[in-house]
Amino acid sequence: AVIDVATRAALASLELGTAVRGIAISPDGSHAYVTRFRAAVDHGEVFEVDLSAMALARTIELALDPGPDNADTGRGVPNYLSSITISPDGARAVVPSKKDNTERGLVRDGEALDDDNTVRTIVSEIDLVSGTERLGARIDLDDHDMASAVAFSPLGDLMFIATQGTNRVDVYDTASGRLVSGFATSLAPQGLWLADGRLYVQCFTARALDIVDVASLLSGTDATARSVATVATVSAEPLSPEALLGEQIFYNADDPRMSADGYIACASCHLDGDSDGRVWDFTDRGEGLR
């Protein structure tokens with residue numbers, strides 16, 4: 001929907017036929033890029049919307065990763081596409097998501113699901129000129145759970161990636177794809193905003209906004225970040241202490257009692273207490289296809 005911010009009137013709308021979640025507007029304001037939240041069976045989707053005509057221009061597919069499965073990568077379909085971010089030059093967009101290995105299982109390929117190859121997390125890159133994914137530029141974040149948000153540096157040379165279940169932000173060089181820094185956050189970081197040398201991290205289950213000084217990272221003088229403050233985002237917690245603790249456990253893959261290598265929490269497959277729309281092969285644990 002297009003909303004006039006002054007009058008709050010709905011000016012136009014477009015039905016995309018499926019649940020959508022993330023949105024980004026091109027620098028020239030001509031197009032919107034909207035993520036399909038739950039993937040199709042074998043690929044993720046981003047809808048390119050022509051805002052002048054308020055019509056679907058094209059659908060961009062994010063490919064099922066063919067693997068192979070090993071300790072630091074694996075097969076899977078991009079799913080839970082919650083956000084999308086366009087680079088400062090407008091040439092590409094990145095989509096953080098999880099990656100579901102529905103190719104694996106005793107019925108499907110004879111291999112049981114394991115810690116490294118059930119759910120992984122990725123950041124996919126789209127060439128906005130051609131409208132196609134650059135599969136070779138995809139980043140697979142090892143030992144992480146649920147990439148949820150990305151922020152680019154003003155020059156576009158660095159990419160800050162929040163991982164909800166791992167409670168951290170990692171910083172990548174966009175030219176080489178190399179990890180250059182990273183730091184812990186409060187629980188369940190889901191949103192990022194970068195301004196004036198500070199990174200603002202919205203942490204859902206902590207009910208907090210972390211403010212981090214990343215000026216030295218942006219200038220290339222140091223690879224460290226410095227915590228400035230953590231600001232509460234609620235004045236009164238609506239949940240009981242027991243219910244809040246349960247919610248925090250539900251989203252947290254960083255606790256080794258929940259996940260041996262930090263890949264999976266309850267929210268990895270049941271974000272917001274819902275379903276991820278996958279059919280999993282749980283034959284190795286006596287459940288069959290679920």
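Computed from a prediction, not measured in an experiment: that's the story for all the values here. Keep in mind that the numbers below use all heavy atoms, side chains included, and drop hydrogens, waters and symmetry copies.
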*Any residue meeting salt bridge (charged side-chain N to carboxylate O under 4.0 Å, His left out) with Glu242, in chain and number order, not counting sequence neighbours*: none
_Residue pair Tyr263 / Asn117, side-chain donor-acceptor N/O under 3.5 Å_ = no
_Closest approach of Ser186 to Ala206 (non-hydrogen atoms, all atoms of both residues)_ = CB-CB, 3.6 Å
*Closest non-hydrogen atom pair, Asp142 against Ala71*: OD1-O, 3.2 Å
*Can you list every pair that meets salt bridge (charged side-chain N to carboxylate O under 4.0 Å, His left out) and has a residue in residues 176-191, with sequence neighbours left out?*
none
*How close do Asn79 and Ala39 get, heavy atom to heavy atom, and via which atoms?*
OD1-N, 2.8 Å
Contacts under 3.5 angstrom, residues 192-205 side chains, donor-acceptor by atom type, not counting sequence neighbours:
residue: Gln202; atom: OE1; partner: Gly191; partner atom: N; Å: 3.3

*Report, as yes or no, whether the 6.0 Å neighbourhood of atom CZ on Arg134 holds more than 12 heavy atoms from other residues, nucleotides or ligands.*
no
*Measure across Ser97 and Leu81 and return the closest heavy-atom pair with its distance rounded to 0.1 Å.*
CB-CD1, 3.8 Å
*Option from Asp114, Asp109, Asp281, Asp284 for which salt bridge (Lys or Arg N to Asp or Glu O under 4.0 Å) with Arg104 holds*: Asp114
*asked:* Tell me which pairs pass side chain to side chain donor-acceptor pair (under 3.5 Å) where either residue lies in residues 12-24, with sequence neighbours left out.
replied: none
_Same cluster or not: Val231 versus Val228, using hydrophobic residues (I, L, V, M, F, W, Y) connected whenever any side-chain heavy atoms lie under 4.5 Å apart?_
yes
Return a table of donor-acceptor pairs under 3.5 angstrom between the side chains of residues 265-275 and protein atoms on other chains or two or more places apart.
residue: Ser268; atom: OG; partner: Asp145; partner atom: OD1; Å: 2.6
residue: Ser268; atom: OG; partner: Asp145; partner atom: OD2; Å: 3.4
residue: Ser268; atom: OG; partner: Ala265; partner atom: N; Å: 2.8
residue: Ser268; atom: OG; partner: Ala265; partner atom: O; Å: 3.1
residue: His270; atom: ND1; partner: Asp274; partner atom: O; Å: 2.9
residue: Asp272; atom: OD1; partner: Tyr251; partner atom: OH; Å: 3.3
residue: Asp274; atom: OD2; partner: Arg38; partner atom: NH2; Å: 3.0
residue: Ser275; atom: OG; partner: Gly277; partner atom: N; Å: 3.0

*Can you hop from Ile86 to Val94 via hydrophobic side chains spaced under 4.5 Å?*
no
_Distance-minimising heavy-atom pair for Val119 and Asp100_ = CG2-OD1, 3.8 Å
*asked:* Between Asp65 and Arg120, does any side-chain N to carboxylate O distance fall below 4.0 Å?
replied: no
*asked:* Taking the basic N atoms (NZ, or NE/NH1/NH2) and the acidic carboxylate oxygens, is any pair closer than 4.0 Å for Glu247 and Arg207?
replied: yes
*By salt bridge (charged side-chain N to carboxylate O under 4.0 Å, His left out), which residues pair with Asp157, not counting sequence neighbours?*
none
*Linking I/L/V/M/F/W/Y whenever their side-chain heavy atoms sit closer than 4.5 Å, directly or via other members, would Val49 and Val20 fall into one cluster?*
yes
_Less than 3.5 Å apart, any donor N or O on the side chain of Asp210 or Thr230 sitting next to an acceptor on the other?_
yes
_Residues Asn101 and Asp69: side-chain donor-acceptor under 3.5 angstrom_ = yes
*Can Leu51 be reached from Phe47 by stepping across I, L, V, M, F, W or Y side chains whose heavy atoms are under 4.5 Å apart?*
yes
_Can you tell whether the side chains of Asp276 and Lys98 come within less than 4.0 Å, N to carboxylate O?_
yes
*asked:* Taking the basic N atoms (NZ, or NE/NH1/NH2) and the acidic carboxylate oxygens, is any pair closer than 4.0 Å for Glu125 and Arg138?
replied: no
_Shortest non-hydrogen contact from Ala32 toward Ile25_ = CB-CD1, 3.7 Å
*asked:* Any non-hydrogen side-chain atom of Met258 less than 4.5 Å from a side-chain atom of Asn252?
replied: no
*Report yes or no: do Leu218 and Val180 belong to one cluster of Ile/Leu/Val/Met/Phe/Trp/Tyr joined by side chain heavy-atom distances under 4.5 Å?*
yes
*Ion pair present between Glu103 and Arg75, side-chain N to carboxylate O less than 4.0 angstrom?*
no
